[in-house]
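For reference, the structure discussed in these notes is given below.
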Amino acid sequence: MPLKIYNTLTGSVDELVPGGTRKEQVSDYPSVTIYSCGPTVYSFAHIGNFRTFVFNDFLRRHLKFRGFKVNHAMNITDVDDKTIAGARAEGISLEKYTARYTDIFMEDLKTLNIEPVEHLPKATDSIDSMIDIIKQLHDKGYLYEKEGSLYFSIAKFNGYGRMSRLDTREIKSGLRYDTDSYGKDDVRDFALWKAPKENEVSWETPYGRGRPGWHIECSAMIRKIFGTTIDIHTGGVDLIFPHHENEIAQSEAAYGETFVRHWIHVEHLLVNGSKMSKSLGNYYTLRDLLEKGYSPRSIRYLLISAHYRKQFNFTLEGITQADQALDRIDNLIVRLSDIKKEAAPTPELRKLADSMISGFTDAVDDDLNISRGLGVFFEFIHAVNTLISDDKLSRADIDAVVEALKKLDAVLGFIFIKDASKADRDEAWIESMIQERLQAKKVRNFARADEIRNLLTAQGIILEDTKDGTRWKLK
RNA sequence: GGCGCCGUACCCAAGUGGCUAAGGGAGAGGUCUGCAAAACCUUUAUGCAGCGGUUCGAAUCCGCUCGGCGCCUCCA
């Protein structure tokens with residue numbers, strides 16, 4: 001079964017064909033080239049931003065799981081109005097200012113168990129490629145200059161607005177003007193290169209001093225890193241227009257070849273029914289949530305668990321529910337490791353594990369339907385639990401389950417990461433308390449047994465009495 | 001005003017023409033237990049916002065109505 005993903009450009013669920021030519025074997029394909037719109041490093045990213053980044057990670061992990069090679073770039077926007085304003089407000093250099101938020105962002109990615117991508121270019125390192133685009137556009141007559149800024153003329157580009165289906169629309173009249181729209185020939189024309197303002201960073205170019213417009217950096221980096229048409233470009237839905245539409249226009253006008261084959265856009269995270277955004281102030285940063293005691297693992301689970309093309313209402317209760325779902329996974333692992341029976345492996349289990357993996361793969365291959373995939377996974381957990389309860393599994397079966405879980409975790413990235421480690425606790429002491437309690441129970445000194453249990457509970461340690469003994473876990 | 005998406009149980013969420021409407025949380029019952037807790041098992045929608053229509057057959061297609069959201073402006 002081929003891997004199919006919704007393509008914003010065509011408006012349909014299309015098979016992913018890296019390199020543009022269909023092959024017999026997945027291994028015959030060239031690396032899947034992916035570009036993801038990254039953050040503007042002017043402050044902390046919020047959890048809505050991370051929905052997209054977690055999605056990017058899920059996508060690349062699934063591609064690798066399916067046997068594709070992946071070559072993935074994500075940009076860091078380190079020069080724009082907000083970063084310039086932020087640096088100025090603190091009286092430090094733009095570099096120093098953006099380095100701080102870049103570091104924070106990278107830490108947050110790591111916290112969420114997001115894999116590093118192959119390329120992490122900064123806008124300010126790609127100025128030469130931007131100038132090349134401008135040169136091409138200049139030579140081909142797509143740009144004009146107004147008051148020292150260079151604009152792209154969308155009227156000259158055939159097919160502008162194809163992806164956002166904007167071409168038939170009228171931009172609503174009476175919209176407020178932003179400072180850049182001043183003097184443009186068409187309101188939709190966009191700045192490629194902005195005239196320098198006083199005390200602002202700027203670069204020298206053959207077309208005058210200035211700094212990059214927003215859209216050009218992505219086109220420039222893609223050109224610089226991948227050279228030609230790439231397979232996948234991802235970002236939030238809010239970038240479809242105008243950002244991605246403008247990228248297409250300037251890249252295809254400059255180089256005369258298809259820019260991106262497959263556009264993938266992630267829907268918004270909502271809070272109380274409206275879009276989470278900095279300007280509305282209704283946002284949580286990752287660090288806000290960690291301070292409240294929620295685990296990165298639960299947050300990753302929550303963000304990944306809803307289908308990427310559906311708006312998702314974010315709630316704290318949702319994180320708690322995610323946490324409970326993860327408990328169910330953890331409990332399976334604990335019960336497995338407690339199996340004592342020695343016997344030959346159960347063929348039934350191997351079959352169960354294989355069909356779980358293929359069911360999961362089919363679900364995720366179908367436009368990354370993670371919700372269905374998780375359903376398959378939890379049905380498997382249920383089935384294995386039943387086998388354990390019926391005493392049908394032996395120690396020889398543990399590996400088959402763990403192996404299957406590891407395969408899944410290569411895609412999900414939340415099964416085997418641990419937040420609070422048992423090793424952080426004084427295990428020997430806990431074990432001794434458990435032994436003392438068992439002794440007390442034996443001589444029917446239940447008051448002492450309960451006292452010990454309460455003492456441990458107060459420290460966040462939960463005792464589980466099973467017929468094979470007592471085990472403990474952290475709350 | 002233009003374009004688009006969504007409305008499935010107490011909550012979250014799959015399913016987009018055809019067996020008994022996945023899965024997670026919560027609730028209820030059970031197993032285990034000195035009692036608990038935890039864990040596991042069982043269970044919870046004759047119905048899929050409402051009303052019409054198409055069809056042998058619709059949550060799924062079409063129309064209308066109601067409700068919510070997004071984009072059209074910096075934004076993941």
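Chain identifiers are assigned alphabetically (A, B, ...) following the order of the sequence lines, protein sequences preceding nucleic acid strands; residue numbering begins at 1 within each chain.
- Heavy atoms of A:Phe312 sit under 4.0 angstrom from primed sugar atoms or phosphate atoms, though from no base atom.
- Listed by first and then second residue, the ring-ring contact (aromatic ring centres under 6.0 Å, His included) pairs that reach into residues 296-326 of chain A are A:Phe55-A:Tyr308, A:Tyr284-A:Phe314, A:Tyr301-A:Phe414, sequence neighbours excluded.
- Residues passing the side chain to side chain donor-acceptor pair (under 3.5 Å) test with A:Asp365 are A:His62, A:Arg66, sequence neighbours excluded.
- Checking each of A:Val260, A:Val70, A:Leu59 against A:Ile232 for a side chain to side chain contact (heavy atoms under 4.5 Å, CB included) leaves exactly one that passes, namely A:Leu59.
- Here the side chain of A:Phe241 is nearest to one of B:rU73, B:rA76, B:rA36, namely B:rU73.
- Using a 4.0 Å cut-off, some side-chain N or O of A:Asn331 falls inside it from OP1 or OP2 of B:rA39.
- Listed by chain and number, the residues in a side-chain contact (heavy atoms from CB on, under 4.5 Å) with A:Asn454 amount to none (sequence neighbours excluded).
- In this model, the phosphate group of B:rA39 is not approached by any side-chain N or O of A:Asn385 to a distance below 4.0 Å at OP1 or OP2.
- Note: CG (A:Leu239) to P (B:rU73) measures 14 Å, nearest angstrom.
- If you take atom P in B:rC51 and the same atom in B:rU42, they sit 35 Å apart, rounded to whole Å.
- Here A:Asp80 lies out of heavy-atom contact (under 4.0 Å) with every strand.
- Contact check, A:Lys310 against B:rA14: a side-chain N or O comes under 4.0 Å of OP1 or OP2.
- Put simply, the side chain of A:Asp409 gets close to the backbone of A:Phe416: a donor and an acceptor are under 3.5 Å apart.
- A donor-acceptor contact under 3.5 angstrom links the side-chain atoms of A:Arg453 to the base of B:rA36.
- Atom CG of A:Asp57 and atom C1' of B:rA76 are 15 Å apart (whole Å).
- The base of B:rG68 has none of its N or O atoms less than 3.5 Å from a complementary donor or acceptor on the side chain of A:Asn272.
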Reading nucleotides 19-32 of chain B from 5' to 3' and marking B where a protein heavy atom lies under 4.0 Å of the base, S where only the sugar-phosphate is that close, and - otherwise, the string is ---BSBSS------

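- The A:Arg437 side chain lies nearest to B:rA36 when the options are B:rA36, B:rG70, B:rA38.
- Across all strands, A:Gly318 comes closer than 4.0 Å to no nucleic acid atom at all (heavy-atom distances).
- Counting only residues at least two apart or on different chains, no salt bridge (charged side-chain N to carboxylate O under 4.0 Å, His left out) pair has a member in residues 351-364 of chain A.
- You'll find that the side chain of A:Lys82 is closest to B:rC74, out of B:rC74, B:rG70, B:rA39.
- The side chain to side chain donor-acceptor pair (under 3.5 Å) search around A:Asp238 returns A:His268, not counting sequence neighbours.
- A gap of 28 Å separates the P atoms of B:rG52 and B:rC12, to the nearest Å.
- Position along RNA chain B of the nearest nucleotide to A:Ser279 versus A:Gly273 favours A:Gly273 as the more 5'-ward residue.
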